[in-house]
Amino acid sequence: GLTQEKTVTKSDIEAYLKDPKKIETALNNAYKELNENHQKHHPEITTDYYIAENHQAENAAIMEMARKVLEKDAKDAPITLISMEKYVQHGQLHGIIDRLDIVHEEGQEYLRVLDYKTGSYKEDKLKADSWKSLFSNPEKKYVLQTLLYCYLVEQTGLNTYKRKLMPELRFTRSLSADPHIRMNKNIVDDYQSISNDFEKELQTKLHEIYTATSFSATDDLKVCSNSY
């Protein structure tokens, strides 16, 4: 994550797009940081844990993805990066926000909550037609997750200057697609405008979970794939 805010201009981004070696250097520096962190936690291991040469196919895919992200960012620049992979927690709710940044659109300043997904893009994944479906339909999990991140940003004081809080879902395979979340067919470009309704439904769902005396097993094995 970032240690301090950093404003990135269009020319900053274009410098990387014009020189692919800069992206490769950034990736190598990321490997170096990973190795340093791994060495810190496992001093008994003296060889590098992450070796770039062993992941050439993955690195090519990562650099191509980075290029596409930068192309999208160039259109939004200037961007003030607040944090990357920020861990946030409020009570029993917690998560890692991929990116928090500040942008300007049509003269309005926004604090964006960006969540990146590697799966395939479908417009339905970015919208929910009702609060009931948001909290009960598994297909709306991405919308729910991103709005939960907005809730955590507000509750933990990360929105210091009370900017408009705009959630976005970006699918790395379709970065040109519209990233805006829709609730009841309306774009959510200001979390505060729906916060009362969202938090009311959230509290209802949490109460339901914590007071339940039994749970029904799911037939969807994918849901259990990350259980431990």
Side-chain angles (χ1 to χ4, degrees), residues 1-41 47-88 95-105 109-123 125-126 141-143 145-146 149-150 152-153 158 165-181 189 226:
L2 297 173
T3 56
Q4 59 183 8
E5 295 182 10
K6 179 178 177 61
T7 298
V8 182
T9 66
K10 185 175 182 178
S11 60
D12 292 332
I13 297 170
E14 288 177 340
Y16 279 82
L17 291 172
K18 292 175 182 177
D19 185 1
K21 280 289 183 183
K22 288 182 177 291
I23 299 178
E24 184 177 358
T25 299
L27 180 58
N28 288 333
N29 288 338
Y31 273 111
K32 181 180 178 181
E33 184 177 339
L34 286 170
N35 281 323
E36 289 174 351
N37 288 335
H38 191 265
Q39 180 70 29
K40 188 184 301 181
H41 293 94
T47 56
D48 284 346
Y49 186 73
Y50 301 94
I51 302 174
E53 290 75 14
N54 294 344
H55 304 278
Q56 292 184 8
E58 296 96 322
N59 291 344
I62 291 171
M63 286 191 287
E64 176 62 16
M65 187 184 300
R67 183 185 64 79
K68 290 179 179 179
V69 170
L70 289 171
E71 287 176 345
K72 180 69 173 70
D73 284 344
K75 297 176 182 178
D76 297 337
I79 300 169
T80 300
L81 295 172
I82 304 299
S83 65
M84 304 282 284
E85 297 185 335
K86 175 75 172 177
Y87 177 81
V88 288
I96 297 176
I97 301 174
D98 288 337
R99 177 167 141 184
L100 276 174
D101 64 25
I102 298 170
V103 294
H104 294 81
E105 292 186 11
E109 188 174 67
Y110 293 92
L111 176 59
R112 288 193 307 190
V113 178
L114 273 67
D115 193 31
Y116 287 93
K117 299 299 181 186
T118 57
S120 59
Y121 170 84
K122 289 184 180 179
E123 187 177 327
K125 292 181 179 180
L126 287 87
K141 61 184 178 182
Y142 292 157
V143 177
Q145 180 184 9
T146 311
Y149 288 159
C150 289
L152 290 171
V153 166
L158 288 172
L165 194 58
M166 181 162 61
E168 288 192 2
L169 266 171
R170 293 190 177 182
F171 291 78
T172 55
R173 298 183 192 179
S174 307
L175 286 170
S176 61
D178 183 358
H180 292 105
I181 285 174
D189 60 2
N226 294 320

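Predicted model only: the values in this text are computed from it and were never measured.
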For Tyr116 versus Asp98, what's the shortest heavy-atom pair and its separation? N-OD2, 2.7 Å
First locate atom CG of Leu114, then atom CE of Met84, and finally report the distance between them rounded to the nearest 0.5 Å. 9.0 Å
Criterion side chain to side chain contact (heavy atoms under 4.5 Å, CB included) on Lys117 and Tyr142, from CA distance to verdict: CA-CA 9 Å; Lys117 299 299 181 186; Tyr142 292 157; 3.4 Å; yes
Compare every heavy atom of Tyr149 with every heavy atom of Gly95, then report the nearest pair and how far apart it is. CA-CE2, 4.0 Å
Ignoring hydrogens, what is the shortest heavy-atom contact between Cys150 and Val113? Give both atom names and the distance. SG-CG2, 3.9 Å
Take Arg99 and Asp73 through the test salt bridge (charged side-chain N to carboxylate O under 4.0 Å, His left out) and record every step on the way to the result. CA-CA 12 Å; Arg99 177 167 141 184; Asp73 284 344; 3.0 Å; yes
Using a 3.5 Å distance criterion without hydrogens, assess whether the side chain of Asn35 forms a donor-acceptor pair with backbone atoms of Tyr49. yes
Measure from the side-chain N and O atoms of Lys125 to the backbone N and O of Ser120, and report whether any donor-acceptor pair falls under 3.5 Å. yes
Using side chain to side chain contact (heavy atoms under 4.5 Å, CB included), reason through His104 and Tyr110 one step at a time and then give a plain yes or no. CA-CA 6 Å; His104 294 81; Tyr110 293 92; over 6 Å; no
How many angstroms lie between atom CG of Leu17 and atom NZ of Lys68, to the nearest 0.5 angstrom? 13.0 Å
Side chain to side chain contact (heavy atoms under 4.5 Å, CB included) with Lys72: which residues, sequence neighbours excluded? Asp76, Arg170
Regarding Thr25 and Asn28, is there a side-chain donor-to-acceptor distance under 3.5 Å anywhere? no
If you count every heavy atom of other residues, nucleotides or ligands that lies below 6.0 Å from Glu123 atom CD, does the total exceed 12? no
Taking the side chain as every heavy atom from C-beta outward, state whether Ile62 and Leu27 have any pair of such atoms under 4.5 Å apart. yes
Of all the heavy-atom pairs spanning Met65 and Leu175, show the shortest one and how long it is. O-CD1, 4.4 Å
Do you see a donor-acceptor pair shorter than 3.5 Å between the side chains of Thr172 and Thr118? no
Regarding Lys75 and Glu71, does a basic nitrogen lie under 4.0 Å from an acidic carboxylate oxygen? no
pair Lys32-Glu36: side-chain heavy atoms closer than 4.5 Å: yes
Rounded to the nearest 0.5 angstrom, the CG-CG distance for Leu169 and Leu126 is 5.0 Å
Please determine whether the number of non-hydrogen atoms from other residues, nucleotides or ligands lying under 6.0 Å from atom CZ of Phe171 exceeds 12. yes
When you check the side-chain N and O atoms of Asp48 and Tyr31, is any donor under 3.5 Å from an acceptor? no
Would you compute the distance between atom NZ of Lys6 and atom CD1 of Ile79 and round it to the nearest 0.5 angstrom? 12.5 Å
Pro167 and Thr146 have their tightest heavy-atom pair at CB-CG2, 3.6 Å
Taking atom NE2 of His38 and atom OG1 of Thr47, what is their separation to the nearest 0.5 Å? 9.0 Å
Stepwise, does the side chain to side chain contact (heavy atoms under 4.5 Å, CB included) test hold for Val88 with Val153? CA-CA 7 Å; Val88 288; Val153 166; 5.6 Å; no
Is the shortest heavy-atom distance from the side chain of Glu168 to the side chain of Met166 under 4.5 Å? yes
Could you check whether any side-chain heavy atom of Ile23 comes within less than 4.5 Å of a side-chain heavy atom of Leu70, counting everything from C-beta outward? yes
Flag side-chain contact, heavy atom, 4.5 Å: Leu100 against Leu158: yes
Might you work through the salt bridge (charged side-chain N to carboxylate O under 4.0 Å, His left out) test for Lys10 and Asp12, ending with a clear yes or no? CA-CA 5 Å; Lys10 185 175 182 178; Asp12 292 332; over 6 Å; no
Ile96 side, atom CD1; Tyr87 side, atom OH - distance, nearest 0.5 Å: 8.0 Å
Measure the shortest side-chain to side-chain distance between Asp115 and Ile97 over non-hydrogen atoms and say whether it is less than 4.5 angstrom. no
